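Just so you know, these numbers come straight off a predicted model, no measurement behind them.
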Amino acid sequence: PHTLYNLDQLALDHRKAALIVEGEKAADAASRLFPDRVVVTWRGGANASEKTDFTPLKDRDVVLWPDADDPGRAVMSLLAGRLVKLGAASVHVVEVPDTFPKGWDLADPSPPDFDAPAAIETAEPAFASSDQDGADPSSLMPFLLAASDLLKLELPERDWLIDRLI
């Protein structure tokens with residue numbers, strides 16, 4: 001597996017929260033915007049995240065910041081699941097406004113009324129707590145996934161009341 005871009009920065013301070021973005025250019029820009037976080041990414045674009053070792057993020061608070069496009073949102077959705085399974089302390093996802101240009105990332109100029117630090121502070125949990133009574137199943141994922149992305153998710157075994165019926 002490939003190592004994370006900025007892995008050396010993770011080792012310097014185990015208490016800092018991590019911010020995952022897509023691409024080295026966005027990671028470098030985000031590092032300047034958010035010096036209180038360790039900004040990491042993987043190499044090779046949206047389709048290459050599976051080739052990267054994310055275990056250094058175990059036990060760490062993580063925020064995922066997707067590019068403003070469908071591949072960016074999909075890869076961050078998959079990463080959210082991997083990070084929860086891996087044992088990240090928390091996983092949150094920034095919702096990039098639909099009004100942003102397609103493909104926009106943190107290396108691009110932000111609209112003047114956009115507050116990037118506030119976007120991190122208000123990022124939604126990647127998955128709702130499973131012990132909430134009456135929780136809406138749609139709250140488990142804050143955004144939609146393509147069917148091909150759903151097929152890649154590792155879902156828990158079903159508990160059947162009547163074998164393979166209910």
Before giving the answer on side-chain contact (heavy atoms from CB on, under 4.5 Å), spell out for K51 and W42 the whole-Å C-alpha distance, their side-chain angles and the decisive distance to 0.1 Å. CA-CA 9 Å; K51 300 174 185 170; W42 66 94; over 6 Å; no

Enumerate donor-acceptor pairs with a distance under 3.5 Å from any side-chain N or O in residues 29-41 to protein atoms, sequence neighbours excluded.
from: S31; atom 1: OG; to: A27; atom 2: O; distance (Å): 2.9
from: R32; atom 1: NH1; to: D28; atom 2: O; distance (Å): 3.3
from: T41; atom 1: OG1; to: V21; atom 2: O; distance (Å): 2.6
from: T41; atom 1: OG1; to: G23; atom 2: N; distance (Å): 2.8

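- Between the side chain of D69 and the backbone N or O of G72, at least one donor-acceptor pair lies under 3.5 Å.
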Enumerate, atom names and distances included, each donor-acceptor pair closer than 3.5 Å involving a side-chain atom of residues 98-114, sequence neighbours excluded.
from: W104; atom 1: NE1; to: P109; atom 2: O; distance (Å): 3.0
from: D105; atom 1: OD1; to: A107; atom 2: N; distance (Å): 2.9
from: D108; atom 1: OD2; to: D105; atom 2: N; distance (Å): 3.0

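- Interatomic distance, E121 CD to H92 NE2, rounded to the nearest 0.5 Å: 10.0 Å.
- Atom OG1 of T3 sits about 8.5 Å away from atom CG of D53, to the nearest 0.5 Å.
- Contact between S49 and V75 at its shortest, heavy atoms only, is OG-CG2, 3.3 Å.
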Just distance, no hydrogens or angles: give the donor-acceptor pairs under 3.5 Å from side chains in residues 56-66, sequence neighbours left out.
from: R60; atom 1: NH1; to: D13; atom 2: O; distance (Å): 3.0
from: R60; atom 1: NH1; to: K16; atom 2: O; distance (Å): 2.7
from: R60; atom 1: NH2; to: L10; atom 2: O; distance (Å): 2.9
from: D61; atom 1: OD1; to: S90; atom 2: OG; distance (Å): 2.7

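- L79 CG to M76 CE: the interatomic distance, rounded to the nearest 0.5 Å, is 6.0 Å.
- Taking the side chain as every heavy atom from C-beta outward, D67 and E22 approach each other to under 4.5 Å.
- Following chains of ILVMFWY side-chain contacts shorter than 4.5 Å, one cannot reach Y5 starting from L19, and the two form parts of different hydrophobic clusters.
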